[in-house]
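A, B, ... follow the sequence lines: proteins, then strands. Residue 1 opens every chain.
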There are 2 protein chains.
Amino acid sequence: MTSLRDTIAADLRTQITTGHLKPGERLPSEPQLAAHYKVSTPTLRNALAFLQAEGLIDKLHGKGNYVRRPLSRLTYEGGALTPTLHLTVRTTQLRAQGMLATLLKVPSRTPLTEFLCIGHADESPHSLARIYIPRDLAAAEPPWCRQRPAEVQDRVTARLPTSEEAATLRITPALAILAITRISTDPTGRVIEAAHLVLPGDRAEALFTTHHTTEKGGAEG
Amino acid sequence: MTSLRDTIAADLRTQITTGHLKPGERLPSEPQLAAHYKVSTPTLRNALAFLQAEGLIDKLHGKGNYVRRPLSRLTYEGGALTPTLHLTVRTTQLRAQGMLATLLKVPSRTPLTEFLCIGHADESPHSLARIYIPRDLAAAEPPWCRQRPAEVQDRVTARLPTSEEAATLRITPALAILAITRISTDPTGRVIEAAHLVLPGDRAEALFTTHHTTEKGGAEG
DNA sequence: GAGTGGTCTAGACCACCAC
DNA sequence: TGGTGGTCTAGACCACTCC
C-alpha cells in the first residue's frame, strides 16, 4: 500500500523529530542506509529527496547527508520585510511593458527602475526580491521609493522555484517557496511600487494582520 | 551542466506554454517520449514529475499524461474564504492541549469544537480547513463562531503537503501548498477561533490588503 | 586516491483503465 | 486483454570533498 520510499522517509523523519538523529549529525552513507533498509540506492535516495524537500536534511555533494539545524525563521510582515541585512545586487533602468505595465498601471515604455535584492542571514541567502518603481519616484537608498504607500496589496502563492531562483537562493528545486506579488499605491491611487518576492518555505513565513471595524464582519468560512 | 531531466522538462514546458501541446491533449506514452528524447523511462518520468509539480500536466494512472486545463483560481482574502461550495466533513468535540491551547490562549482541557471542512469546485477538492473554536462560542452553521472577530492574524507558509493532506485534496505530494494559520480575536483580545488552512499552490492564492494611516509609514525593504 | 553524493540506464514486475 | 503509468532493482559512470 504505502511505498518503500514513504516508509523509509517516515522512519528517518521519526528518528530526526524524536532526536534519535541530532541536528548537525551526519547520516550513514547512502549505500549503508540502502543496505540497512534492504532497498536499492535509487529508492533510498528518493526517500532522502523527500526529507530534503521538507527541510529536514541537507544533502552535501561529496560530504554526506546531514540533519539540518533548526533555522531562524524570517518573518515577512504585510507590507514590509523585517529589518535584516540586505544586499542590492543590481539596479537596472528599464521601461514598462506587458505584465509589468499592467501591475504598475502605467503605459508601455514608462521609465522604471528595477532593484534586485537578496536578503542574507548566517551567510546564506534567504530572500529574493525584484522591486519595480516608476523612475521619477525611485531613490538610491532603501526604501527605494520616495513616497509612502497608503495601501499595500500582497498576493501570496506557493510554488516550486524556477531553476534560477533555486540557484540564487541555494535551495533544492523541490523546496516550496512563498511567492508574493506586492502592489503599493499612494493616497491618490497611483501605483508607486510593484515587487516580486520569493521566500524559501523552510525558513520564511508571511504574517498579515487584519483589523475589522464594527461596520463590517469577518470570517465567512 | 544541465541535466537531461531539466532539458526535457524545459522542452515540454515550452511546448505547453506556447500552445504546441494544447490543454486536455494527451501526451505520447512514456516509452514513446523516452524513445523520442533518447533517454530511459525513469529519466523521462523524472521530467514529467517536475511538470506535474508545476501543475502543467496531470498524470492519470492507466490512461496517460495530459496537459492540464487552466484552473479556476481560488482566492483567499485575508480573514475569510471567498464564498464557495463548502462541505463540512466532520464536527468533533475535543479539549485543548499543547499547540492548540497555545494558539487559542486557553488552559489545557478547555472544551473546543473542531470543524473539518473541505472546499469543492468542479467536483474536485480545492481547500482543506480545520477550525477550532471554544465550545461556548461554537455554532452549528457557518460561520461557526457566534462572535465577530475584531482582529484576524494570518500566518502564511509554503510547504509540501503531508501524505494525508495530499490524499484529501487529491494532489501529488510534490505540489506546493499554502498553509495558513489564522487566529481571530474579539475586541477584548480573547481568541475566538484558530484555523489551519491548506490550499493547493496550483489553484489558490491568498490576497491581503493593508491600509497605512499617515501616522505610520510602510515599506522598509 | 578513497569515499561520498548526482545522474542515468535497461529492464522487471505490479496496478489501473478501457475494451 | 493490451496499453498505460507506478514502483523498484542492480549497477555504471561522473563530480565533489577531503586527505
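Annotation: B:Arg26, atom CZ; neighbour count of heavy atoms from other residues, nucleotides and ligands within 6.0 Å is above 12. Around the CD atom of A:Glu25, the shell of radius 6.0 Å holds more than 12 heavy atoms that belong to other residues, nucleotides or ligands. Within a 6.0 Å radius of CZ in A:Arg109, other residues, nucleotides and ligands contribute 12 heavy atoms or fewer. Residue-environment remark: CD (B:Gln15) exceeds the threshold of 12 foreign heavy atoms within 6.0 Å. Crowding of A:Arg135 atom CZ: a count of heavy atoms from other residues, nucleotides or ligands under 6.0 Å exceeding 12.
At least one donor-acceptor pair under 3.5 Å links the side chain of A:Arg73 to the backbone N or O of A:Asp202. A distance-only check finds no donor-acceptor pair linking the side chain of B:Arg13 to the backbone of B:Ile8 [under 3.5 Å].
Listed by residue number, A:His61, A:Gly62, A:Lys63 are the residues of residues 50-65 of chain A with a heavy-atom contact under 4.0 Å to DNA chain D. Using a 4.0 Å cut-off on heavy atoms, the residues of residues 38-47 of chain B that approach DNA chain C are B:Lys38, B:Val39, B:Ser40, B:Pro42, B:Thr43, listed by number. The stretch residues 5-14 of chain A comes close to DNA chain D through A:Arg5, each having a heavy atom under 4.0 Å from the strand.
Rounded to whole Å, atom P of D:dG3 lies 17 Å from atom CG of B:Leu33. Per the geometry, CZ belonging to A:Arg26 stands 11 Å off C1' belonging to D:dT17, to the nearest Å.
In this structure, the side chains of A:Glu193 and A:Ile131 come closer than 4.5 Å at one or more pairs of heavy atoms. No side-chain heavy atom of B:Ile192 sits under 4.5 Å from any side-chain heavy atom of B:Ile133. Contact annotation: the side chain of A:Val191 never approaches that of A:Val106 to less than 4.5 Å [non-hydrogen atoms, C-beta and beyond].
For the 3.5 Å distance criterion, the side chains of B:Thr75 and B:Glu205 qualify, holding a donor opposite an acceptor.
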With Watson-Crick and G-U wobble geometry limited to distances under 3.5 Å, how should the secondary structure of DNA chain C be encoded in dot-bracket form, using | for bases paired to another strand and [ ] for crossing pairs? ||||||||||||||||||.

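Qualifying side-chain contact (heavy atoms from CB on, under 4.5 Å) partners for A:Arg130, counting only residues two or more places apart in sequence or in other chains: A:Glu114, A:Leu116, A:Tyr132, A:His196.
If you take NE2 on A:His126 and CD1 on A:Ile171, they are separated by 13.0 Å, rounding to the nearest 0.5 Å.
Of all heavy-atom pairs between B:Ala9 and B:Leu51, the closest is O-CD2, 3.7 Å.
Scanning DNA chain C 5' to 3' for nucleotides with an atom closer than 4.0 angstrom to a non-hydrogen atom of chain A gives a first and last hit of C:dG3 to C:dT7.
A salt bridge is absent between A:Glu54 and A:Arg68: the closest approach of a Lys/Arg side-chain nitrogen to an acidic carboxylate oxygen does not fall below 4.0 angstrom.
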